[in-house]
Visitor: 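Next up is a structure, given as structure tokens.
The structure displayed is predicted, hence computed values, not measured ones.
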Amino acid sequence: MKTSWRSASLVASAAVVLALTTACGQDGGGATGSQNVGATAAPGDVGDIGAGAGAGQGTGAGAQASAKAPQPAGKLSVTTDAEIGELVTDGAGRTLYRFDADTAEPPKTTCENDCAAAWPPVAADDALAGEGIDEKLLGEVTRPDGTKQLTIGGWPAYRYAKDTAAGDVKGQGVGGKWFALAADGKKAQADDAPGLSTRNDPKLGEIVVDKNGMTVYRFMKDEAWPKPVSACTGACLEKWPVVAPVEPNDTEGVVKKDLMTFTRPDGAEQQTVDCWPIYTFAGDEKPGDTNGQGVGGTWYAVSPDGKPVGAPKK
């Protein structure tokens, strides 16, 4: 695990934060608890996971039809993906995922109906701990329909309907909320991924992304000087979630001058780049998406120095 960029001391970090947050423009740097799954159960075949189901995520409230019952897990194992690293797969080699809207303490699933059609829950009754899996971390949670869903490290486990072959990881980062499961229940992603970093987009060039690899945007109606002011409020925030505070030392490739946070009217803290408030876009389903670029002629991806990429010059 790479951690070199995180190695700055707490004292140095505090000093940088103090310097950067003075002012813009100044120099500075409904389910039951988890239970252990019976490890002696015979492994079962993994059936159809509904590959033709829709790919939306969320709770799917109001859906008319219930999703299929959880499909068997079989013998779990740890495999390595070239980009993501080590992750958990089921007996058929399918990647298992977790959902950020769920909880692990106590275990609770929030993915039902339409969501569960796109993200089929994994049954707990036949799960076996294979190589690299700690049996003690396997458990179960009772879903609202009474079925038992597998948990790993407390997190309910799912498959992704668009993963049609063993080794597929098409669900990684979808909506910024779905991630492959690591053997300890954590997200299977580079643990040393910075809170903010940059990537080279083939169309936009070098742009800023958050810790999940999701594109970061600026709103042209916002203000930065003499202090940050966000014009995105109410329903706007449902489409454009704010980026939470990031420590200056938890960034890579982003210009640190005027990298600061500010308090929104509702009391929430929001990150800025070059004093400009930054957001992600709910319409971006996975890392690499830039569906928010140019929306309404007011939303644009952010360059490392905080400038809006592709915005018309005034």
Side-chain angles (χ1 to χ4, degrees), residues 2 5-6 16 20 24-25 29 82-84 100 169-179 187 189-225 228-232 236-262 264 269-314:
K2 302 180 199 174
W5 57 268
R6 292 183 184 273
V16 173
L20 294 176
C24 288
E83 295 184 1
I84 301 173
D100 279 357
V169 286
K170 297 175 183 176
Q172 178 70 1
V174 167
K177 295 182 178 181
W178 290 92
F179 298 91
K187 298 176 184 179
Q189 59 181 353
D191 289 336
D192 60 349
L196 287 177
S197 59
T198 63
R199 70 173 179 82
N200 189 31
D201 184 84
K203 294 182 179 179
L204 303 178
E206 191 175 12
I207 59 175
V208 179
V209 297
D210 70 4
K211 63 181 180 180
N212 297 320
M214 305 301 289
T215 302
V216 166
Y217 299 89
R218 259 186 56 179
F219 187 29
M220 301 304 287
K221 294 183 179 181
D222 286 350
E223 298 177 10
W225 294 279
V229 177
S230 170
C232 181
C236 173
L237 295 174
E238 296 179 8
K239 292 184 178 180
W240 303 92
V242 304
V243 174
V246 175
E247 292 289 337
N249 286 334
D250 191 20
T251 65
E252 192 172 85
V254 181
V255 176
K256 288 183 170 57
K257 183 179 182 295
D258 293 328
L259 184 69
M260 60 175 289
T261 63
F262 73 100
R264 297 178 55 84
E269 293 292 317
Q270 183 172 0
Q271 182 63 43
T272 73
V273 176
D274 191 31
C275 291
W276 289 98
I278 55 175
Y279 312 77
T280 54
F281 181 44
D284 286 345
E285 294 190 347
K286 62 184 183 303
D289 283 354
T290 55
N291 298 320
Q293 178 67 5
V295 168
T298 54
W299 291 92
Y300 296 92
V302 180
S303 66
D305 60 1
K307 292 182 172 56
V309 177
K313 294 182 179 181
K314 295 182 179 179

Visitor: Using a 3.5 Å distance criterion without hydrogens, assess whether the side chain of T198 forms a donor-acceptor pair with backbone atoms of I207.
Guide: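 Here the side-chain-to-backbone pair does not exist.
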Visitor: Between G173 and F179, what is the shortest heavy-atom contact and its length?
Guide: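 Minimum heavy-atom contact is CA-CE2, 3.9 Å.
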Visitor: If you measure from the Lys or Arg side-chain nitrogens to the Asp or Glu carboxylate oxygens, is any gap between D201 and K203 under 4.0 Å?
Guide: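 No, this pair does not count.
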Visitor: Do side-chain atoms of D305 reach the backbone of V255 as a donor and acceptor pair under 3.5 angstrom?
Guide: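 Flag not set: sc D305 to bb V255 has no pair under 3.5 Å.
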Visitor: For G195, does its backbone N or O pair with a side-chain atom of D250 as donor and acceptor, under 3.5 Å?
Guide: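 Flag set: sc D250 to bb G195 pair under 3.5 Å.
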Visitor: May I have the step-by-step check of ring pair (Phe, Tyr, Trp, His ring centres under 6.0 Å) for F219 and W240, ending in yes or no?
Guide: CA-CA 9 Å; F219 187 29; W240 303 92; 7.7 Å; no
Visitor: Okay, side chain of Q271, backbone of V243: is any donor-acceptor separation there less than 3.5 Å?
Guide: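 Checking the backbone N and O of V243 against the side chain of Q271, no donor-acceptor pair under 3.5 Å is found.
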Visitor: Which atom names give the shortest non-hydrogen contact between F262 and P228, and what distance separates them?
Guide: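 Between these two residues, the closest heavy atoms are CD2-CB, 3.6 Å.
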Visitor: Taking the six-membered ring for Trp, is the centroid-to-centroid distance between Y279 and W299 below 6.0 Å?
Guide: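 Judged by ring-centre distance (under 6.0 Å), Y279 and W299 do meet the cut-off.
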Visitor: side-chain hydrogen bond (donor to acceptor under 3.5 Å, both in side chains) between T251 and K256: does it pass, once the steps are laid out?
Guide: CA-CA 8 Å; T251 65; K256 288 183 170 57; 3.1 Å; yes
Visitor: Report yes or no: does S230 contribute a side-chain atom to a donor-acceptor pair with the main-chain N or O of C232 at less than 3.5 Å?
Guide: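 Yes, because the side chain of S230 sits within donor-acceptor range (under 3.5 Å) of the backbone of C232.
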Visitor: Are the side chain of Q270 and the backbone N or O of I278 linked by a donor-acceptor pair below 3.5 Å?
Guide: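 Yes: the side chain of Q270 pairs with the backbone of I278.
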Visitor: Quick one: does D284's side chain have a donor or acceptor within less than 3.5 Å of a partner on K286's backbone?
Guide: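 Between the backbone of K286 and the side chain of D284 there is no qualifying donor-acceptor contact (under 3.5 Å).
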Visitor: Go through the steps to decide whether V209 and M214 satisfy the test side chain to side chain contact (heavy atoms under 4.5 Å, CB included), and finish with yes or no.
Guide: CA-CA 5 Å; V209 297; M214 305 301 289; over 6 Å; no
Visitor: Of the non-hydrogen atoms in W225 and C275, which two are nearest, and what is the gap between them?
Guide: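 Shortest heavy-atom separation between W225 and C275 comes out as NE1-SG, 4.2 Å.
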Visitor: Is it the case that the side chain of Q172 and the backbone of W178 share a donor-acceptor pair, with hydrogens and angles ignored and the cut-off at 3.5 Å?
Guide: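 Checked: no pair found.
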Visitor: If you count heavy atoms of other groups shown closer than 6.0 angstrom to NZ of K170, is the number above 12?
Guide: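 Yes - once you tally the heavy atoms of other residues, nucleotides and ligands closer than 6.0 Å, there are more than 12.
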Visitor: Answer yes when K187 and D100 have at least one side-chain N-carboxylate O distance shorter than 4.0 Å, and no when they do not.
Guide: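 D100 and K187: salt-bridged.
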Visitor: Is the shortest heavy-atom distance from the side chain of V273 to the side chain of L259 under 4.5 Å?
Guide: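 A side-chain contact exists here, since the closest heavy-atom pair is under 4.5 Å.
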Visitor: For the pair S303 (side chain) and V309 (backbone), establish whether a donor and an acceptor sit closer than 3.5 Å, ignoring hydrogens and angles.
Guide: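 Here the side-chain-to-backbone pair does not exist.
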Visitor: Tell me the closest heavy-atom pair linking A311 and M220, and the distance in Å.
Guide: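 Of all heavy-atom pairs spanning A311 and M220, the closest is CB-CE, 4.1 Å.
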Visitor: Look only at the side chain of Q293 and the backbone of A301, and say whether a donor-acceptor pair between them is shorter than 3.5 Å.
Guide: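 It does hold such a pair.
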